Amino acid sequence: MQQYTLNKYFAKKSFLKIFGGEIRIFDENKNNLLFFVKQKAFKLKEDITVFADEAKSKELLKIKARSVIDFSAVYDVTDVTTNQTIGALRRKGFKSILKDSWEILDSNDQVIGSVDEDSMFKALLRRFLTNLIPQTFFISLNNSQVGILKQTFNPFVPQFNIDFSADTSKSLDRRMGISIVILLQIIEGRQN
């Protein structure tokens, strides 16, 4: 699918917190909508459906929490078109209090990579002083950086530039890459 062949994307979250929110992921030029998520408010157990368009005419991915509100929650990622479990993302509970940190798991729940916020110092400033410092996340597989997510400077609308160009061998399944972006905007976005 064309959605999964690109190296660069742009993600934007628009929301009214009372009613949930919407995430749109475009190509890097912001011309073509590739992924759409309509988040439901007040969910105890995350069950996120990723669509190909705003009409929700085609489901692409499911991201589903294994348990209700868990500090070290695991989110399974499934390709709806093939019903294949791609892998999972596990939040590193206590470690994520001060600096966001996730593990990337394969379909057998083996750790194959990580997603980490840029620095402890900036993370602490963001949590305790101001949300005006944009976040950056590094995605690594087998100790090699394969992607970077950089938040744009916009304190009102969470937006990220996503770049998988460092992943020249395409070792990160882009379906997992897109799922990482969506989870970071939904789960970590609640801190702000």
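Sequence positions, counted from 1, serve as the residue numbers for this chain. Note: hydrogens, waters and symmetry copies are ignored here, and every other heavy atom, side chains too, is used. Keep in mind that this is a model prediction, so the values were computed, not measured.
Residues Q135 and D118 are not in side-chain contact: their nearest non-hydrogen atoms beyond the backbone lie 4.5 Å or more apart. Counting heavy atoms from C-beta outward, F137 and E117 have side chains that approach closer than 4.5 Å.
Residues L89 and I86 share a hydrophobic cluster, clusters being chains of Ile/Leu/Val/Met/Phe/Trp/Tyr side chains in contact below 4.5 Å. When hydrophobic clusters are built by joining Ile, Leu, Val, Met, Phe, Trp and Tyr residues whose side-chain heavy atoms come closer than 4.5 Å, directly or via intermediates, I182 is grouped together with Y4. F138 and L183 end up in different hydrophobic clusters when Ile, Leu, Val, Met, Phe, Trp and Tyr side chains are linked at under 4.5 Å. Linking ILVMFWY side-chain heavy atoms closer than 4.5 Å, directly or via other members, places I148 and M176 in two distinct hydrophobic clusters. Note on F36 and I180: separate hydrophobic clusters, where clusters join Ile, Leu, Val, Met, Phe, Trp and Tyr whose side-chain heavy atoms are under 4.5 Å apart, directly or indirectly.
The two residues R175 and V77 have their closest heavy-atom pair at O-CG1, 4.5 Å. Closest heavy-atom contact between Y75 and E46: CE2-CB, 3.9 Å. Summarising the geometry of S101 relative to D116, their closest heavy-atom pair is OG-OD1, 2.8 Å, with the distance given to 0.1 Å. Across all their heavy atoms, F10 and Q159 have their closest contact at CZ-OE1, 3.6 Å. When every heavy atom of K30 is checked against every heavy atom of F26, the shortest pair comes out as CA-CB, 3.8 Å. When all heavy atoms of T85 and S107 are compared, the pair lying nearest together is O-CB, 3.6 Å.
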For side chain to side chain contact (heavy atoms under 4.5 Å, CB included), just list the numbers for T152 and K12, CA-CA rounded to whole Å, side-chain angles, deciding distance to a tenth of an Å, and then say yes or no. CA-CA 10 Å; T152 63; K12 181 177 183 178; over 6 Å; no
Please walk me through it: do S144 and N142 pass side chain to side chain donor-acceptor pair (under 3.5 Å)? CA-CA 6 Å; S144 294; N142 303 314; over 6 Å; no
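The number of heavy-atom neighbours closer than 6.0 Å to CG of N83, taken from other residues, nucleotides and ligands shown, is 12 or below. Counting heavy-atom neighbours within 6.0 Å of N143 CG, excluding the residue itself, gives a total of 12 or less. Heavy-atom neighbours of K150 NZ from other residues, nucleotides or ligands within 6.0 Å: at or below the threshold of 12.
Just one of L60, I25, V50 meets the side-chain contact (heavy atoms from CB on, under 4.5 Å) condition when paired with Q3; it is L60. None of E54, E59, E22 except one satisfies the salt bridge (charged side-chain N to carboxylate O under 4.0 Å, His left out) rule with K38; the exception is E22. Paired with L6 under the rule side-chain contact (heavy atoms from CB on, under 4.5 Å), one option of L34, N32, I162 passes, and it is L34.
The aromatic rings of F35 and Y9 are tilted relative to each other, their planes meeting at an angle between 30° and 60°.
Taking CG of N161 as the reference point, atom CD of Q151 lies at 10.5 Å (rounded to 0.5 Å). Taken to the nearest 0.5 Å, the CD1 atom of I48 stands 3.5 Å off from the CD1 atom of I186. Once rounded to the nearest 0.5 Å, the distance linking CD of E103 with CZ of R90 reads 4.5 Å. Summarising the geometry, atom CG belonging to L105 is positioned 7.5 Å from atom CD1 belonging to I112; distances are rounded to the nearest 0.5 Å. In this structure, OG1 on T5 lies 12.5 Å from CZ on F164, to the nearest 0.5 angstrom. To the nearest 0.5 Å, atoms OG1 (T78) and CG (L61) are separated by 8.5 Å.
Counting only residues at least two apart or in different chains, salt bridge (Lys or Arg N to Asp or Glu O under 4.0 Å) contacts with residues 105-114 comprise R66-D109.
K13 places a side-chain N or O within donor-acceptor distance of the main-chain N or O of Q185, the cut-off being under 3.5 Å.
Checked for salt-bridge contact, R174 and D167 meet the test: a charged N lies under 4.0 Å from a carboxylate O.
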